[in-house]
Amino acid sequence: MAQARISAKASEGAQQHPQQQQQSGGQLRGRFYRSTSMADRSSRLLENLDQLELRVEAFRDAASAMEQEKEILLEMIHNIQNSQDMRHISEGEREELNLTANRLMGRTLTVEVSVETIRNAQQQESLLHATKMIDEIVNKLLDDLEDAKMRLMSLYGACTSDVPAGPIDQKFQSVVIGCAIEDQKKIKRRLETLLRNLENSEKSITLLEHQKSSVRQSCNSKQD
């Protein structure tokens with residue numbers, strides 16, 4: 001009888017052991033499948049974020065392009081209002097054209113586009129320093145136009161990768177390098193705008209002087 005009970009328990013244990021192994025194997029397989037599923041989800045989420053990052057950068061680029069377009073439009077309207085052609089038309093025509101230009105400028109100014117640049121403390125300090133250096137030259141434009149133009153060209157030469165036509169302001173270059181990339185582009189655009197305006201001013205002054213000279217010659221000819 002005792003032997004029979006021992007044999008029965010051994011048989012029962014043998015039957016239970018495969019069941020436990022099967023349950024344990026099922027749990028392992030379940031964990032393995034869950035792990036694979038989590039990896040797939042993580043990969044899918046990462047891929048989505050990568051795609052969104054591309055769209056975010058494209059969005060910022062588009063907004064920056066709109067900022068530049070606004071600056072260009074305002075500059076063009078301003079140049080038309082101050083052009084020599086506007087000085088050589090009738091008062092009534094000039095008034096009408098100025099009204100149209102002011103209307104266009106007002107509508108342009110209603111568009112607000114702002115792309116904030118993320119900067120660390122050093123980049124912020126570099127931007128302030130670069131802006132101050134440009135402002136100092138701009139504030140002295142009326143004192144010496146030619147000197148201001150040469151200094152602005154040396155600053156611009158420090159911002160471009162092209163071979164500059166003149167000297168480069170090494171100090172300004174080291175300051176600009178410390179700025180954020182987006183700020184570097186804005187500094188370069190500002191200098192380009194300033195130089196264009198100076199060139200237009202010089203053309204206006206040259207044309208005006210030529211007209212004055214022509215008037216003087218005409219008067220002298222009549223006197224003779």
*Shortest non-hydrogen separation from F172 to I187 and the atoms involved*: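 Distance-wise, the nearest heavy atoms are CZ-CG2, 3.8 Å.
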*Test D183 against every option in R119, Q124, K188 by the side-chain hydrogen bond (donor to acceptor under 3.5 Å, both in side chains) rule and name the one that passes.*
R119
I'd like to know if the side chain of [X] and the backbone of [Y] have a donor-acceptor N/O pair within less than 3.5 Å.
X	Y	value
Q122	G178	no
Q81	H78	no
S154	R151	yes

_Pairing of E91 and R94 as salt bridge, 4.0 angstrom limit_ = yes
*Under a 4.0 Å N-O cut-off, is there an ion pair linking E199 with K149?*
no
*Answer yes if the side chains of S90 and E93 hold a donor-acceptor pair under 3.5 Å, and no otherwise.*
yes
*Side chains of S114 and E112, donor plus acceptor under 3.5 Å*: no
*asked:* Let me check something: do L73 and M66 share a hydrophobic cluster, defined by ILVMFWY side-chain heavy atoms less than 4.5 Å apart, either directly or through other members?
replied: no
*Indicate, with yes or no, if M133 and L198 share a hydrophobic cluster defined by side-chain heavy-atom contacts under 4.5 Å among Ile, Leu, Val, Met, Phe, Trp and Tyr.*
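Same hydrophobic cluster.
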*asked:* Just checking I118: does its CD1 atom have more than 12 heavy atoms from other residues, nucleotides or ligands closer to it than 6.0 angstrom?
replied: no
*asked:* Does atom NZ (K185) have a neighbourhood of more than 12 heavy atoms from anything else shown, all under 6.0 Å?
replied: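 Not buried by this count: 12 neighbours or fewer within 6.0 Å.
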*For residues E136 and K140, determine if any side-chain heavy atom of one lies less than 4.5 Å from a side-chain heavy atom of the other.*
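No, every pair of side-chain atoms sits at 4.5 Å or beyond.
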_Once rounded to the nearest 0.5 Å, what's the spacing between atom CD1 of I72 and atom CG of N79?_
11.5 Å
